[in-house]
Amino acid sequence: MAEWDIRKLQILRTLRERGTVTATAEALHLTPSAVSQQLTNLSRQLGVPLLEARGRRVRLTDAARLVLTHTEPVFEQLERTEAALAAYSQGEAGEVRVGAFSTSVPALVVPAVRALRSTHPRVTVRVREAEAAEAYDLLTAGDVDLALSLAAEAPSATDPRFTQVPLLADPLDVALPPDHPLGTTPTVTLTDLATEPWIFGGSGPWSDITRRACESAGFSPHQGHSASGWTAILAMVEAGMGVALIPRMAAAHRGGVLMRDLGPNGPVRHVTAAVRRGGETGRAVTHVLEALRDAAAAGGGSRDGHPARSS
């Protein structure tokens with residue numbers, strides 16, 4: 001197979017456009033002898049004559065025109081590549097891989113992607129759903145560029161591997177069956193529900209969050225049922241099988257259950273974004289972080305238009 005040299009092909013292409021070796025040399029900031037030498041080398045590499053003499057001038061052979069016809073798409077693609085690289089270096093283009101836990105995808109990632117379509121349409125976001133703790137493993141391994149996780153699952157804030165960006169405090173509301181006696185009381189606290197059967201996973205972050213919240217309120221929750229998916233948890237609550245803590249970001253899944261705010265001192269979970277240290281300087285990543293901050297400020301952890309509480 002012949003060796004293809006883009007620079008030499010560019011010289012041949014310019015000669016076709018300019019007509020003379022001298023004009024080609026001027027256009028490419030070369031000497032006429034350098035142009036002639038490069039084209040002689042290209043002809044030798046390809047094994048066909050590329051130029052023929054016409055008096056004191058040269059013209060392209062049919063073989064040279066054939067070569068240029070078939071390599072023209074290469075030059076077009078190189079132009080596209082240069083334009084894409086220029087956009088990338090200016091932060092206007094690029095792909096950002098985001099690892100995100102389930103409830104953060106509709107509440108934060110999807111609004112951010114929608115906003116980026118208007119503000120930075122050439123920034124592409126690829127989403128990978130992952131457990132909150134797993135998101136950091138993916139980030140460490142280089143499988144994602146940005147992790148959306150929970151502060152409780154994050155490494156130490158002083159971990160030199162990561163730059164962590166707080167996004168919001170997501171309130172935890174309590175889900176009650178539709179006919180629960182406390183459904184119409186003015187206020188509800190966790191201690192009011194100390195004797196209820198609770199529904200949460202047997203292990204993992206949500207089990208830890210539920211147990212910590214209840215223990216902070218002075219009791220250890222009795223686990224009536226074990227489930228980890230919001231659809232299953234809320235279906236059991238709606239059926240009167242128990243109560244559950246639900247992050248406000250998951251409010252879209254609530255179905256027919258009663259969601260009660262636990263007041264200004266109620267539990268919250270802190271949502272953070274993280275990148276590998278130094279990754280925050282990448283322009284495409286910066287744009288995605290800004291879009292996530294805007295989504296959080298617009299109410300990523302709110303319900304019925306009310307902003308999330310902070311703590």
Side-chain angles (χ1 to χ4, degrees), residues 100-108 110-111 129 131-132 149-153 167-271 295-296 298-311:
F101 61 97
S102 60
T103 52
S104 72
V105 174
L108 296 176
V110 170
E129 185 179 336
E131 293 290 342
S149 188
L150 302 175
E153 302 298 324
L167 290 179
L168 59 83
D170 185 28
L172 307 183
D173 297 324
V174 65
L176 303 176
D179 58 352
H180 195 280
L182 296 178
T184 57
T185 58
T187 60
V188 176
T189 66
L190 285 177
T191 53
D192 294 331
L193 303 166
T195 61
E196 298 279 350
W198 286 81
I199 304 169
F200 53 89
S203 62
W206 201 243
S207 172
D208 296 338
I209 288 171
T210 300
R211 292 184 187 278
R212 281 198 298 265
C214 292
E215 288 166 1
S216 295
F219 68 96
S220 180
H222 165 62
Q223 187 176 26
H225 305 279
S226 177
S228 57
W230 302 121
T231 300
I233 290 173
L234 290 168
M236 286 191 279
V237 172
E238 186 174 7
M241 298 167 65
V243 300
L245 280 179
I246 304 293
R248 199 166 290 182
M249 284 170 59
H253 301 271
R254 68 188 187 213
V257 305
L258 296 175
M259 301 295 294
R260 298 301 305 273
D261 189 319
L262 291 168
N265 297 317
V268 299
R269 61 175 188 171
H270 294 274
V271 180
S302 68
R303 184 176 79 248
D304 302 330
H306 297 294
R309 299 186 303 269
S310 61
S311 64

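For the numbers below, each heavy atom of this structure counts, side chains included, while hydrogens, waters and symmetry mates do not. Just so you know, these numbers come straight off a predicted model, no measurement behind them.
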Side-chain contact, heavy-atom cut-off 4.5 Å: [X] with [Y]?
{"X": "Asp261", "Y": "Pro171", "value": "no"}
{"X": "Trp198", "Y": "Leu193", "value": "yes"}
{"X": "His180", "Y": "Val174", "value": "no"}
{"X": "Met249", "Y": "Ser104", "value": "yes"}

Rounded to the nearest 0.5 Å, how far does [atom2] of [Y] lie from [atom1] of [X]?
{"X": "Thr210", "Y": "Ile233", "atom1": "OG1", "atom2": "CD1", "result": "7.5 Å"}
{"X": "His225", "Y": "Met241", "atom1": "NE2", "atom2": "CE", "result": "3.5 Å"}
{"X": "Arg269", "Y": "Leu168", "atom1": "CZ", "atom2": "CG", "result": "8.5 Å"}
{"X": "Thr184", "Y": "Asp179", "atom1": "OG1", "atom2": "CG", "result": "11.0 Å"}
{"X": "Ile199", "Y": "Gln223", "atom1": "CD1", "atom2": "CD", "result": "9.5 Å"}

Nearest heavy atoms of [X] and [Y], plus distance in Å:
{"X": "Val237", "Y": "Ala175", "result": "CG1-O, 3.6 Å"}
{"X": "Pro247", "Y": "Asp170", "result": "CB-OD2, 3.2 Å"}
{"X": "Ser102", "Y": "Pro106", "result": "O-CD, 3.1 Å"}
{"X": "Ala296", "Y": "Leu167", "result": "CB-O, 3.6 Å"}
{"X": "Ala232", "Y": "Ala227", "result": "CB-CB, 4.2 Å"}
{"X": "Ala132", "Y": "Ser149", "result": "O-OG, 2.6 Å"}

Self-check item: Glu196, CD: over 12 other non-hydrogen atoms inside 6.0 angstrom
Solution: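 For Glu196, atom CD is crowded (more than 12 foreign heavy atoms under 6.0 Å).
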Exercise. Take Thr187 and Asp192 through the test side chain to side chain contact (heavy atoms under 4.5 Å, CB included) and record every step on the way to the result.
Key: CA-CA 10 Å; Thr187 60; Asp192 294 331; 5.8 Å; no
Exercise. Ignoring hydrogens and angles, tell me if any N or O in the side chain of Trp230 forms a donor-acceptor pair with the backbone of Ile246 under 3.5 Å.
Key: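 No: the side chain of Trp230 does not pair with the backbone of Ile246.
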Exercise. Would you please test Arg248 and Val268 for side chain to side chain contact (heavy atoms under 4.5 Å, CB included) and show each step?
Key: CA-CA 9 Å; Arg248 199 166 290 182; Val268 299; over 6 Å; no
Practice problem: Go through the structure and list residues passing side-chain hydrogen bond (donor to acceptor under 3.5 Å, both in side chains) with Thr191, not counting sequence neighbours. | Solution: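 Thr191: side-chain hydrogen bond (donor to acceptor under 3.5 Å, both in side chains) contacts with Thr189.
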Quiz prompt | CA sep, side-chain torsions, deciding dist, call: Leu245, Asp173, side chain to side chain contact (heavy atoms under 4.5 Å, CB included) | solution = CA-CA 6 Å; Leu245 280 179; Asp173 297 324; over 6 Å; no
Distance-only check: which donor-acceptor pairs under 3.5 Å involve side-chain atoms of residues 211-220, not counting sequence neighbours?
{"unit_1": "Arg211", "atom_1": "NE", "unit_2": "Ser207", "atom_2": "OG", "d": "3.4"}
{"unit_1": "Ser216", "atom_1": "OG", "unit_2": "Arg212", "atom_2": "O", "d": "2.9"}

Self-check item: Criterion side chain to side chain contact (heavy atoms under 4.5 Å, CB included) on Arg260 and Thr185, from CA distance to verdict
Solution: CA-CA 10 Å; Arg260 298 301 305 273; Thr185 58; 3.9 Å; yes
